[in-house]
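A quick write-up on the structure given underneath.
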Amino acid sequence: FTLTQPHSVSESPGKTVTISCTRSSGSIAINYVQWYQQRPGSSPTTVIFEHNQRPSGVPDRFSGSIDSSSNSASLTISGLKTEDEADYYCQSYDSADHIFGTGTKVTVL
Amino acid sequence: EVQLVQSGAEVKKPGESLKISCKGSGYSFGNFWIGWVRQMPGKGLEWMGIIYPGDSDTTYSPSFQGQVSISADKSISTVYLQWTSLKASDTAMYYCARAGGIVAEFDYWGQGTLVTVSS
């Protein structure tokens with residue numbers, strides 16, 4: 001299966017962005033989706049795990065959800081800050097493989 | 001403090017072998033999975049495989065099966081990623097990362113090891 005994300009999204013500080021992650025086959029709801037943030041020149045970090053759980057230290061401006069009707073997951077960042085400018089990747093799995101999404105570059109204008 | 005410290009950057013020629021490492025500290029090393037993730041220049045993340053150092057149980061992504069080997073030495077809290085014959089297309093940043101289970105999220109990441117393969 002594949003996980004498809006928009007290539008890029010842009011928004012102004014203080015606004016809200018939502019990044020989608022569409023699964024090509026298999027149910028998005030059955031296998032957990034995680035979201036990783038990767039700032040330029042840095043290792044990735046987890047911002048959401050198990051569909052909608054936030055690790056300690058991740059602000060509640062970050063939230064995750066799934067939509068079975070579109071077989072997709074979403075990462076929403078509210079109150080956008082310049083420090084949120086980064087690449088974001090969804091990730092999930094099935095019995096055969098673990099897959100990262102195609103990645104989305106978030107630009108804070 | 002949980003830390004994953006990876007070995008330094010490597011420059012190799014096509015056909016050469018290579019083994020890079022990832023040393024864990026600050027937690028019970030044998031009780032957590034360690035995975036490897038590739039990031040080719042300017043590209044996205046790719047899940048390569050994962051190992052449980054407690055018993056060396058290993059799973060590879062079909063895309064990387066047979067291309068690399070993952071191993072562990074629990075006695076020195078270190079996991080390895082190995083190639084027997086490098087190709088130019090292996091040029092990438094390689095990250096190790098810790099997971100609580102084989103399908104769990106990666107909660108701690110190493111700093112990355114840049115591998116450059118060029119003649």
Side-chain angles (χ1 to χ4, degrees), chain A residues 1-8 19 21 23 26-58 62 64 66 73 75 86-106, chain B residues 1-9 20 22-24 32-52 57-68 70 92-114:
Chain A
F1 70 98
T2 59
L3 295 171
T4 301
Q5 302 177 229
H7 184 258
S8 62
I19 303 166
C21 169
R23 181 165 175 149
S27 171
I28 193 75
I30 290 179
N31 303 118
Y32 283 131
V33 175
Q34 353 286 354
W35 289 91
Y36 299 95
Q37 176 193 68
Q38 187 179 32
R39 294 190 174 109
S42 296
S43 301
T45 61
T46 310
V47 291
I48 293 289
F49 67 99
E50 294 180 358
H51 292 328
N52 56 15
Q53 301 300 301
R54 262 188 327 274
S56 60
V58 174
F62 290 82
I66 59 167
L75 173 69
D87 294 325
Y88 292 83
Y89 297 90
C90 59
Q91 182 259 318
S92 192
Y93 54 91
D94 65 11
S95 60
D97 207 353
H98 295 236
I99 299 292
F100 282 98
T102 50
T104 299
K105 181 175 182 60
V106 170
Chain B
E1 178 194 7
V2 174
Q3 283 194 312
L4 296 175
V5 178
Q6 298 184 228
S7 50
I20 63 175
C22 169
K23 183 174 176 62
F32 287 82
W33 294 75
I34 295 288
W36 287 96
V37 175
R38 183 175 79 174
Q39 188 167 37
M40 299 175 76
K43 302 298 184 182
L45 305 176
E46 298 174 272
W47 196 96
M48 300 177 71
I50 197 166
I51 189 167
Y52 187 72
D57 183 16
T58 307
T59 296
Y60 295 93
S61 167
S63 300
F64 291 93
Q65 179 84 47
Q67 308 304 308
V68 296
I70 297 172
M93 181 72 82
Y94 293 87
Y95 295 100
C96 65
R98 190 187 83 160
I102 194 169
V103 296
E105 77 283 2
F106 289 132
D107 57 359
Y108 288 90
W109 293 69
Q111 83 276 21
T113 296
L114 180 62

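In what follows, every chain begins at residue 1, and chains take the letters A, B, ... in the order their sequences are listed. FYI, side chains are in, hydrogens and waters are out, and symmetry mates aren't considered; it's all heavy atoms of this structure.
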(request) Please lay out, stage by stage, how B:W47 and A:Y93 fare under the test ring-ring contact (aromatic ring centres under 6.0 Å, His included). (result) CA-CA 10 Å; B:W47 196 96; A:Y93 54 91; 9.5 Å; no
(request) Over all heavy atoms of both residues, which pair between B:D107 and A:T46 is shortest? Give the atoms and the distance, please. (result) CA-OG1, 4.2 Å
(message) For B:G110 versus A:S43, what's the shortest heavy-atom pair and its separation?
(response) O-OG, 2.7 Å
(message) If you count heavy atoms of other groups shown closer than 6.0 angstrom to CZ of B:F32, is the number above 12?
(response) yes
(request) Identify which of B:S61, B:S63, B:G112, B:G35 forms the greatest number of heavy-atom pairs closer than 4.5 Å to chain A. (result) B:S61
(message) Using 0.5 Å steps for rounding, measure from the CD atom of A:Q38 to the CH2 atom of B:W109.
(response) 7.5 Å
(request) Using heavy atoms and a sub-4.5 Å threshold, report which of residues 98-106 of chain A line up against chain B, by residue number. (result) A:H98, A:F100
(message) For B:Y60, is the OH atom crowded, meaning more than 12 foreign heavy atoms sit under 6.0 Å from it?
(response) yes
(request) Name, in order of residue number, those residues of residues 96-106 of chain B that have a heavy atom at a distance of less than 4.5 Å from a heavy atom in chain A; otherwise write 'none'. (result) B:I102, B:V103, B:A104, B:E105, B:F106
(request) Counting only heavy atoms closer than 4.5 Å, note whether A:Y89 contacts chain B via side chain, backbone, both or neither. (result) side chain
Show me the donor-acceptor pairs, under 3.5 Å and distance only, between side chains in residues 49-58 of chain A and residues at least two apart or in other chains.
from, atom 1, to, atom 2, distance (Å)
A:H51, ND1, A:V33, N, 3.2
A:H51, NE2, A:A29, O, 3.2
A:R54, NH1, A:F62, O, 3.3

(message) So, using side chain to side chain donor-acceptor pair (under 3.5 Å) as the criterion, who are the partners of A:S42 when residues are at least two apart?
(response) none
